[in-house]
Amino acid sequence: MIDPTLQAVLSSGASFLLVTVLFAIVFSLCKLTKKPGSRTTSRALANHNSSLSSITIDESAYFDPSLSRISMSELVIATRNFASDGIIGDGSFGLVYKARLSNGVTVAVKKLSEDAFQGLREFKAEMETLGNIRHGNLVKMLGYCVSGADRMLIYEFIEKGCLDQWLHDTSTEGAPAWSSSMVREPLGWETRIKIIKGVANGLSFLHTLDKPIVHRDIKSSNVLLDSEFEAHIADFGLARRMDEWHSHVSTQVAGTMGYMPPEYKDGVMAATVKADVYSFGILMLEVATGRRPSWPIKIEEGKEGGLIEWARRIVAKERQLQMIDASMSKEGLREAEVREYFRIACLCTNDTSRDRPYMGEVVKLLNQLST
Ligand SMILES: Nc1ncnc2c1ncn2[C@@H]1O[C@H](COP(=O)(O)OP(=O)(O)OP(=O)(O)O)[C@@H](O)[C@H]1O
Ligand SMILES: *[C@@H]1O[C@H](CO)[C@@H](O)[C@H](O)[C@H]1NC(C)=O
Ligand SMILES: *[C@@H]1O[C@H](CO)[C@@H](O)[C@H](O)[C@H]1NC(C)=O
Ligand SMILES: [Mg+2]
């Protein structure tokens, strides 16, 4: 028989021991889970006062494959496991998500489709290069993330979205107050000039790098607008990679209907800076007229043509003002400036690539535009 007092002492001692052991286990578990990555990750970003401009590609090394589990889990949380309501775009490389990182910074995550970018080493090298390119008119790549077959590109989020929507998806009517965030007033002439100048600057910068980058897909959906309506070119440096991977399967060139230079139709596949100049000229026409380059326009009775044929005809008749986007306010519009604008657009869209100016010259011409 055990003495009841001894039994009480023994059982309380045992439960004390049990609680202590449990506590110790829980404590060490907490320490363990906190240790790797996730803390350093948020600190690396938090250091910078949520200022996107100070995140360099070196610091985004936490997107490195060796840490991919951590960065991917952060992305999974930030995109709520790539929830479909976070999708803001669906382009040729894959889906784009709007995501909020744990430090509060909002980013755009481009989830590349599986067949894009096969080789890991090439992918990393390419992204390091692109991540180091900085210019006020280019969308910044903040990092990338590799996990198995998944490849993600992380970009700064550009507030007002793409130019495409600002040209073709505007409301002229007074929209109800509750939808104020969705309202896009038609852009004014000054703003359109500012955007075109920004795109010209960004392109000129890409074309004059030590290793020039040809964009290959200049179009209004690849021009993003920030809160000041400053233009930021998106997706530079991606088309080339896509092309190399698909060249053995198809002969399709990178580019979008309506923006492609005539030499592409003749089977010229090599990407040149002059091809970008052509697409830029088309973009100029689109921005001023508000017409989609891929849509045919009636250029005379019973005859349809492209935006460029239509524009050339009207320029020849010196009726440039008639081409201006009907939804735009014509206030303060100077005819001489409009004529010069269309002259530059026609220079850029010359059928012969040799006769097109370089982007540097286009920048100069545009800078002389507004006095
Ligand atoms: N950094 C970003 N900030 C804000 N919105 C973005 C950003 N990147 C992309 N988007 C949005 O996602 C849309 C889709 O982009 P995406 O590049 O995937 O498609 P696209 O430009 O139409 O086609 P392509 O793949 O040929 O470039 C853009 O038009 C834009 O509205
Ligand atoms: C963060 O903000 C402080 C004060 O607000 C400033 O002194 C410091 O330079 C900022 N750091 C960075 C990296 O921007
Ligand atoms: C292209 O440029 C050449 C040389 O400046 C010019 O003669 C020709 O008319 C231009 N063609 C078009 C279609 O603009
Ligand atoms: Mg794009």
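In each ligand, atom 1 is the first atom listed, and ligand 1 is the first ligand listed. Along the sequence shown, residues carry numbers from 1.
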Could you tell me, atom by atom, which parts of ligand 1 come under 4.0 Å of a heavy atom of [X]?
{"X": "Asn222", "answer": "17 (O), 21 (O), 27 (O)"}
{"X": "Asp217", "answer": "26 (O)"}
{"X": "Phe93", "answer": "25 (O)"}
{"X": "Cys162", "answer": "29 (O), 31 (O)"}

**Item:** Phe205 and His135 aromatic centres sub-6.0 Å
**Value:** yes
**Item:** Aromatic ring proximity Phe280/Tyr259, centre distance under 6.0 Å
**Value:** no
**Prompt:** Any nitrogen or oxygen of Asp90, main chain or side chain, under 3.5 Å from a nitrogen or oxygen of ligand 1?
**Reply:**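 No.
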**Message:** For ligand 1, which is the ligand I care about here, please tell me if Tyr155 has any N or O atom under 3.5 Å from one of the ligand's N or O atoms.
**Reply:**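 Such a contact does not occur with ligand 1.
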[atom]: nearest protein contact (heavy atom, Å):
{"atom": "atom 4 (C) of ligand 1", "value": "Ile158 O, 3.3 Å"}
{"atom": "atom 19 (O) of ligand 1", "value": "Gly91 CA, 3.2 Å"}
{"atom": "atom 5 (N) of ligand 1", "value": "Ile88 CD1, 3.6 Å"}
{"atom": "atom 25 (O) of ligand 1", "value": "Ser92 N, 2.7 Å"}
{"atom": "atom 15 (O) of ligand 1", "value": "Val96 CG2, 3.8 Å"}
{"atom": "atom 14 (C) of ligand 1", "value": "Gly89 CA, 3.4 Å"}
{"atom": "atom 1 (N) of ligand 1", "value": "Glu156 O, 2.8 Å"}
{"atom": "atom 27 (O) of ligand 1", "value": "Asp235 OD2, 2.7 Å"}

**Linked, directly or transitively: Met323 and Trp295 (ILVMFWY side chains, under 4.5 Å)** =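 Different hydrophobic clusters.
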**Prompt:** Counting only heavy atoms, which portion of Leu224 has something under 4.0 Å from ligand 1: side chain, backbone, both, or neither?
**Reply:**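 Side chain only.
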**Prompt:** Taking non-hydrogen atoms only, is Ser221 closer than 4.0 angstrom to ligand 1 via side chain, backbone, both or neither?
**Reply:**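 It is both parts that get close, each with some atom under 4.0 Å.
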Do [X] and [Y] touch side chain to side chain, with heavy atoms closer than 4.5 Å?
{"X": "Glu230", "Y": "Leu225", "answer": "no"}
{"X": "Leu153", "Y": "Leu238", "answer": "yes"}
{"X": "Trp189", "Y": "Glu331", "answer": "no"}

**Asked** For ligand 3, what are the residues with a heavy-atom contact below 4.0 Å?
**Response**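 Contacts of ligand 3 under 4.0 Å: Arg312, Asn350, Asp355.
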Hey, does [X] sit under 4.0 Å from ligand 1 if you only count heavy atoms?
{"X": "Lys219", "value": "yes"}
{"X": "His232", "value": "no"}
{"X": "Lys110", "value": "yes"}

**Prompt:** Within a radius of less than 6.0 Å around CD of Glu300, do more than 12 heavy atoms belonging to other residues, nucleotides or ligands occur?
**Reply:** yes
**Atoms of the protein (N/O/S only) found under 2.8 Å from the Mg ion (ligand 4)** = Asn222 OD1, Asp235 OD2
**Prompt:** Between Lys274 and Tyr358, is NZ or CZ placed under 6.0 angstrom from the six-membered ring centre and within 45° of the ring axis?
**Reply:** yes
**Message:** Both conditions, 6.0 Å and 45 degrees, for the charged tip of Arg356 above the ring of Tyr278: are they met here?
**Reply:** no
**Request:** Test side-chain contact (heavy atoms from CB on, under 4.5 Å) on Glu263 and Asp351 and set out the steps.
**Result:** CA-CA 8 Å; Glu263 61 262 28; Asp351 287 337; over 6 Å; no
